[in-house]
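For reference, the structure discussed in these notes is given below.
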Protein chains: 2
Amino acid sequence: MSSKPTMRDVARKSGLSIATVSRVINFPGEVPAETAEIVTAAMRYLNYRPNINGRRLKMSQTRTVGVLVPTLANPVFATSVQGIEQEANIEGLTVLLTSSNYDPEREMGAVSALLNNRVDGLILTLANADNNPVVDLLLAEKIPFVLLFNQPERADIAAISVDNAQSAFDITNAMIAKGHRSLAMVAGQFESSDRSRQRYDGFCRALDQAGIEKKHLVQVRFGETDLVEPLRDLLLGPDAVTGIVCSTDMLAIAAISACRAHGLSVPGDVSVGGIDGISVGGLITPKLCSAVQPTQEMGRQALAFLRGLIKGQTNPQSLLLPHHLSDGDSIGLFRGNSPHRSSTRV
Amino acid sequence: MSSKPTMRDVARKSGLSIATVSRVINFPGEVPAETAEIVTAAMRYLNYRPNINGRRLKMSQTRTVGVLVPTLANPVFATSVQGIEQEANIEGLTVLLTSSNYDPEREMGAVSALLNNRVDGLILTLANADNNPVVDLLLAEKIPFVLLFNQPERADIAAISVDNAQSAFDITNAMIAKGHRSLAMVAGQFESSDRSRQRYDGFCRALDQAGIEKKHLVQVRFGETDLVEPLRDLLLGPDAVTGIVCSTDMLAIAAISACRAHGLSVPGDVSVGGIDGISVGGLITPKLCSAVQPTQEMGRQALAFLRGLIKGQTNPQSLLLPHHLSDGDSIGLFRGNSPHRSSTRV
DNA sequence: TTGAAAGCGTTACCAT
DNA sequence: ATGGTAACGCTTTCAA
């Protein structure tokens with residue numbers, strides 16, 4: 001017998017029927033301890049492992065959830081998936097992972113593959129949550145799903161996120177409060193990230209409210225980490241900015257690196273704040289560590305939420321988590337002024 | 001018909017047999033274009049999606065790979081999984097994701113779940129690759145697997161990694177070359193990471209070779225990001241060190257943060273170098289970006305390798321990738337000396 | 001070129 | 001308390 005043992009083999013070995021073996025596995029309580037022992041012994045002897053695919057075919061639910069994120073190379077998404085995975089592990093769910101690489105064109109294919117696997121539900125971070133064919137499909141097929149990080153306009157879609165516009169509004173205001181009058185935003189391309197656009201909206205609103213007319217925007221292809229050239233004019237030109245609001249932490253890291261490359265120290269000569277996860281700004285590198293907990297928690301919450309939807313106990317609804325602005329750590333000072341708290345800064 | 005359409009429905013709708021439908025899906029070439037068109041139309045009309053679980057049950061291979069990493073909260077693992085996912089996507093493979101949270105006790109359970117899914121093969125980062133029951137199980141059941149980041153002693157196990165000891169040896173030597181005579185290593189607990197131990201070995205070898213007797217080691221629980229207290233004595237005590245070699249980038253980030261908290265500037269007052277992925281040291285934050293490419297590539301290679309094993313075209317063997325030591329970016333200077341290249345430093 | 005039918009490993013109903 | 005058996009949706013051999 002070279003192939004893997006099946007329930008049939010276990011049944012034969014234990015001299016019982018395959019129905020009984022199944023019972024021992026699924027309803028141990030409904031079987032006498034003695035019988036269970038015999039079956040268990042046979043399973044151990046044969047190194048039996050239930051073939052989940054047989055079960056999945058038979059049952060209506062697969063106890064599997066599909067996850068789609070832009071990329072795991074961004075720690076924010078990776079960390080949220082870690083949270084999903086942890087929670088799934090506790091619940092005995094299997095996680096099917098896919099990524100779109102920020103390409104909206106690839107989302108449908110990825111979700112399709114997930115649906116072919118008959119996942120019970122999905123957790124998705126989409127390029128654009130509004131007017132998205134994937135969302136329409138899921139709605140039409142009545143597949144439970146939760147959007148993570150997306151903030152859809154429709155209220156009848158489950159979504160867990162921070163308030164992106166508000167986050168950017170707050171961090172921009174904080175920089176304005178520090179005296180900045182010349183600010184730029186560095187953001188990912190809007191087609192690849194509605195968060196980027198929403199955050200840019202918040203940035204603009206803050207500037208408008210402060211009566212600052214000049215708005216700089218530098219858009220960056222996702223995955224791009226070298227901002228030395230893209231930021232040259234912004235940093236060294238005749239009307240160089242004193243502060244940069246970044247749409248994501250990864251961009252902030254890249255922006256800081258570019259500042260240094262241009263001979264500017266950060267903070268001091270220029271200020272950079274990154275927005276992401278459920279915190280805003282924050283020490284760039286330590287933040288990557290300290291943001292782990294809350295971001296992971298978002299993932300766990302997303303799965304918990306999804307489970308409610310799957311069981312039909314919950315209705316889709318939006319959940320906006322509070323964001324934190326760690327002022328003093330994140331927000332830099334005037335160009336040329338540098339009495340910053342270097343002791344807590346990287 | 002509330003339930004999902006099956007091949008049977010498509011067959012009925014198109015007036016053909018389910019065998020023909022199957023052929024259209026799997027061997028479009030073996031069916032007249034006209035027939036194929038009829039079937040395709042029926043599939044579109046019914047919104048048919050093949051149930052992969054049916055196929056999986058029938059076929060011997062599932063076209064699914066299982067992945068086990070300590071945690072996705074560490075960007076190094078996350079990035080490698082991203083690489084795996086990308087490659088899997090190209091090959092049309094499904095990725096099943098699990099994590100052990102650095103707990104050796106949980107590895108067996110996770111792998112077991114993966115095997116119940118009848119994955120074709122596995123990619124694993126284990127706490128300890130030697131004398132690991134998971135490895136024994138996989139070997140016994142003849143399931144193809146590739147270790148990622150682990151460097152097992154046995155040569156007949158597929159593994160893709162950098163040379164951990166050599167990396168640490170190199171970075172330590174570089175720091176010694178800069179004049180450091182008082183160095184500490186900050187590492188994760190050895191039970192949770194054989195890489196940690198291997199890297200510590202390299203650290204010690206470098207010190208021995210330089211005739212430095214005093215070896216400081218601070219071990220940290222994984223997930224710990226606050227090193228302020230653990231490093232206090234090391235940084236402020238009577239015989240404070242001038243440099244710290246960190247076992248991972250995440251630890252280096254945390255260590256730098258702790259230095260700043262103690263009023264030390266990094267680099268300048270103290271030096272910190274992190275080891276990870278296929279680079280050694282390196283600018284801490286930019287590195288998190290710049291290390292993305294090579295680490296992702298490791299993941300892709302791991303999957304490519306695994307595919308070879310699954311097809312039986314390759315034999316298990318170890319692959320040690322070259323590591324890069326980005327001197328001048330990574331390695332700090334003497335305590336108190338600070339003419340460092342701040343322009344390229346975060 | 002197409003179809004009938006036998007499983008794949010499991011669950012669960014209905015008997016015994 | 002236990003067993004026989006009909007699905008679940010698919011692939012694939014063998015016939016027609």
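A, B, ... follow the sequence lines: proteins, then strands. Residue 1 opens every chain.
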What's the angle between the local helix axes at either end of the helix from dT1(C)-dA16(D) to dT16(C)-dA1(D), using five pairs per end and rounding to 10 degrees? 40°
Both L16(A) and F27(B) contact DNA chain D. Which one's nearest nucleotide lies toward the 5' end? L16(A)
side-chain hydrogen bond (donor to acceptor under 3.5 Å, both in side chains) contacts touching residues 133-151 of chain A (sequence neighbours left out): N150(A)-D194(A), Q151(A)-D163(A), Q151(A)-N164(A)
Per-nucleotide protein contact along nucleotides 6-11 of chain C, 5' to 3', at a 4.0 Å heavy-atom cut-off (B base, S sugar-phosphate only, - neither), is BBBBBB
Any side-chain heavy-atom pair from N101(B) and P70(B) closer than 4.5 angstrom? no
Would you mind classifying the nucleic acid contact of T35(B) as base, sugar-phosphate or nothing, using non-hydrogen atoms under 4.0 angstrom? sugar-phosphate
Where chain A begins and ends its contact with DNA chain D, read 5' to 3' at 4.0 Å from heavy atoms: dA1(D) to dG9(D)
Does D156(B), at its CG atom, have more than 12 non-hydrogen atoms belonging to other residues, nucleotides or ligands within less than 6.0 Å? yes
Pairs flagged by side-chain hydrogen bond (donor to acceptor under 3.5 Å, both in side chains) wherever residues 117-127 of chain A is involved - sequence neighbours left out: T62(A)-D120(A), N117(A)-R56(B)
Answer yes or no: is there a side-chain heavy-atom contact under 4.5 Å between P144(B) and L306(B)? yes
Holding to ring pair (Phe, Tyr, Trp, His ring centres under 6.0 Å), I want the full list of residues that pass it with F305(A), two or more places apart in sequence or in another chain. none
Using a cut-off of 4.0 Å on non-hydrogen atoms, how would the nucleic acid contact of R23(A) be classed: base, sugar-phosphate, or nothing? base
Indicate whether the side chain of E85(A) and that of S99(B) have a donor and an acceptor atom separated by less than 3.5 Å. yes
Test side chain to side chain donor-acceptor pair (under 3.5 Å) on T94(B) and R63(B); report intermediate values, then the result. CA-CA 6 Å; T94(B) 300; R63(B) 297 196 61 73; over 6 Å; no
Does a side-chain N-to-carboxylate-O contact under 4.0 Å join R44(B) and E37(B)? yes
Can you classify the ring geometry of F77(B) versus Y102(B) as parallel (below 30°), tilted (30 to 60°) or perpendicular (above 60°)? perpendicular
